[in-house]
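Throughout, protein chains are lettered first and strands after them, A, B, ... in sequence-line order, and every chain is numbered starting at 1. All heavy atoms count here, side chains included; hydrogens, waters and symmetry mates do not.
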Amino acid sequence: MLQINLVRENSQLIVDRLKVRNFDARGIVEKIIDVDARRREAQKNLDDNLAESKSLARRIGELYKSGKKEEAEKIKERTTRLKHINKDLQQKLEQYKVDQEDLLIRLPNIPHETVTPGDSEDDNQVVSESGTIPGLTDTALPHWELAAKFDIVDFETGNKITGAGFPLYKGKVAKLQRALVSFFLDKAMEAGYAEYQVPLIVNRDSAFGTGQLPDKDGQMYHIPSDNLFLIPTSEVPLTNIFRDVILEERDFPVKCTAYSTCFRREAGSYGKDVKGLNRLHQFDKVEIVQVVKPEESYKVLDEMVKYVGKLIDLLELPYRITKLCGGDLGFAASMTYDMEVFSTAQKKWLEVSSISNFESFQANRMKLRYRDGQGKINLAHTLNGSALALPRIIAALLENNQTENGINIPGVLVPYTGFEIIN
RNA sequence: GGAGAGAUGGCAGAGUGGUCGAUUGCGGCGGUCUUGAAAACCGUUGAGGUGUAACAGCCUCCGGGGGUUCGAAUCCCUCUCUCUCCGCCA
């Protein structure tokens, strides 16, 4: 959520910058400015009236004490009248506040000035490519066929137990997942991230705080009987640790990480995108989150991209980094880099991480603030990134490392898996 | 699931209708003392809105919502949550 002050004082800037997202903000911004003015006027009137009521009420108390009952009764007429006026004003004010918030939450975050316009992922800019794409023979199999061949991922049984998008991992791949999680968490801790184990189900306030609600309402699994949501990423519980918190300068940088299962309804997905492990309703992921001072957030974004790149290097997978264009940018993000590994048999780039700077957009929603050197309270900046999401990493590992004898496990994982090959 | 108790500032914990945004203690910050530190002593220490060039001023907030009253942290209703005991249970 953008800050009302910014909208009030810099409305043109907002309209211009949101164009990069193909978002026409003119109408909303105009309405916000209008309702904001009304809100402030109502607030002023109410405050003045309340001030009068308060001092009169105090006066009445004094008069009663000194036995001047009649004089008190006379003043009561005025306060009673004010009471009715104020009730009205109060209602108006509440309505203006609700209207203002309803409008404000419809504005997406302002893209960073270096974010380029564009309509879709096709307009994303490739920042770099690393690693070498292995030359596979024509008989190379996509991962879902390898999964069947080695009996390591059972889509049919997952289908029976739950439905599409809930695979059953077996044997060496089940262990490989555990190995990856441990490896990722160990690396995160080495890099200074504090490990958390978070609730997998969150309430409305948390889902709102990170921006899943109301924007991505239909994308989360909802438990109506308790009005709770299954997390689509541990970003939600991790970042909400700091909801309604005022940090001190010495607390920075806040770095935390969590492994969690993630649940996504993925309504509207279809076709080859959902084949095999490419897109699932349930998957595992290690997430990293940072809360930092505004002036440092872009430096930290770069640092996080570098960190995730290093992880993929260690897994010996070819990958590229793309910077999202305005049209592909998430609602809450100012800037996002995607990390994509190349899945050689599918001949596809698979997104395995998305690293974003939200600037103060989430912080404003969840009142995540810090006290600066002068004792002033400001919104902090939040960032997060996958480090990493497992299924597509596994898809790429299976495909890229297939040989006649089986699938080789990257050396760095062998201490965690206890085996070197899946065969 | 059944019964009971409670929700107040960073924490602990007073406050049952009239300068209570809130006594006090701890913690934090600043200072005195000290070579330095500790102790002791003194001072200071919530957030939001409105407003101002900046101060000031004014308003709101004692779990959420509603009500009674000229006036509510204090009374009433309601919701949520927490704790204790019992039951069940990984």
How long is the line joining [atom1] of [X] and [atom2] of [N], in whole Å?
{"X": "I60(A)", "N": "rA72(B)", "atom1": "CD1", "atom2": "C1'", "result": "15 Å"}
{"X": "E248(A)", "N": "rU45(B)", "atom1": "CD", "atom2": "P", "result": "16 Å"}
{"X": "L368(A)", "N": "rA47(B)", "atom1": "CG", "atom2": "P", "result": "16 Å"}
{"X": "N86(A)", "N": "rG67(B)", "atom1": "CG", "atom2": "P", "result": "13 Å"}
{"X": "N203(A)", "N": "rG64(B)", "atom1": "CG", "atom2": "P", "result": "16 Å"}
{"X": "E62(A)", "N": "rG18(B)", "atom1": "CD", "atom2": "P", "result": "14 Å"}
{"X": "Q100(A)", "N": "rG49(B)", "atom1": "CD", "atom2": "P", "result": "11 Å"}
{"X": "K376(A)", "N": "rA54(B)", "atom1": "NZ", "atom2": "P", "result": "11 Å"}

[atom1]-based separation of [M] from [N] [nearest Å]:
{"N": "rC61(B)", "M": "rG9(B)", "atom1": "P", "answer": "15 Å"}
{"N": "rC59(B)", "M": "rG36(B)", "atom1": "P", "answer": "47 Å"}
{"N": "rA7(B)", "M": "rA12(B)", "atom1": "C1'", "answer": "15 Å"}
{"N": "rG51(B)", "M": "rU68(B)", "atom1": "P", "answer": "31 Å"}
{"N": "rG10(B)", "M": "rG64(B)", "atom1": "P", "answer": "14 Å"}
{"N": "rC33(B)", "M": "rA39(B)", "atom1": "C1'", "answer": "11 Å"}
{"N": "rG65(B)", "M": "rU74(B)", "atom1": "P", "answer": "13 Å"}
{"N": "rA37(B)", "M": "rG46(B)", "atom1": "P", "answer": "27 Å"}

Answer yes or no: is there a side-chain heavy-atom contact under 4.5 Å between F150(A) and V173(A)?
-> no
Taking C-beta and beyond as the side chain, do I355(A) and M339(A) meet within less than 4.5 Å on heavy atoms?
-> yes
Give L50(A) one of three labels, base, sugar-phosphate or nothing, depending on what nucleic acid heavy atoms sit under 4.0 Å from its own.
-> sugar-phosphate
Can you tell which of [options] lies closest to the side chain of [X]?
{"X": "K87(A)", "options": "rC70(B), rG67(B), rC58(B)", "answer": "rG67(B)"}
{"X": "R371(A)", "options": "rG46(B), rU60(B), rU19(B)", "answer": "rG46(B)"}
{"X": "R39(A)", "options": "rG67(B), rU50(B), rU60(B)", "answer": "rU50(B)"}
{"X": "I377(A)", "options": "rC70(B), rG49(B), rA47(B)", "answer": "rA47(B)"}
{"X": "K83(A)", "options": "rG71(B), rG67(B), rC59(B)", "answer": "rG71(B)"}
{"X": "Q43(A)", "options": "rG67(B), rU50(B), rC58(B)", "answer": "rU50(B)"}

State whether [X] places a side-chain N or O below 4.0 Å from either non-bridging phosphate oxygen (OP1 or OP2) of [N].
{"X": "K54(A)", "N": "rG18(B)", "answer": "no"}
{"X": "R40(A)", "N": "rG51(B)", "answer": "yes"}
{"X": "R369(A)", "N": "rG46(B)", "answer": "no"}

On the 0 to 90° scale, with breaks at 30° and 60°, tag the Y298(A)-H112(A) ring pair as parallel, tilted or perpendicular.
-> tilted
In terms of ring plane angle, is the pair F183(A) and Y416(A) parallel, tilted or perpendicular, where the classes change at 30° and 60°?
-> perpendicular
State yes or no: are the ring centers of F252(A) and Y370(A) separated by less than 6.0 Å?
-> yes
Any chance the rings of F361(A) and H381(A) have centres within less than 6.0 Å?
-> no
Of D36(A) and S53(A), the one whose closest RNA chain B nucleotide lies more 5' = D36(A)
For RNA chain B, whose closest nucleotide is more 5', that of G61(A) or that of R8(A)?
-> G61(A)
Is it true that K76(A) and E73(A) have a side-chain N and a carboxylate O under 4.0 angstrom from each other?
-> yes
CD of E420(A): more than 12 outside heavy atoms within 6.0 angstrom?
-> no
Range-with-range stems for RNA chain B, at least three Watson-Crick or G-U pairs under 3.5 Å | B:1-7 with B:80-86, B:10-12 with B:24-26, B:27-32 with B:40-45, B:46-50 with B:57-61, B:63-67 with B:75-79
Do D47(A) side-chain and rG49(B) base share a donor-acceptor contact under 3.5 Å?
-> yes
Which side-chain N or O atoms in residues 236-245 of chain A pair as donor and acceptor under 3.5 Å with protein atoms at least two apart or in another chain?
residue	atom	partner	partner atom	Å
T239(A)	OG1	E235(A)	O	2.7
N240(A)	OD1	R243(A)	NE	2.7
N240(A)	ND2	S206(A)	O	2.9
N240(A)	ND2	V236(A)	O	2.9
R243(A)	NH2	S206(A)	OG	2.8

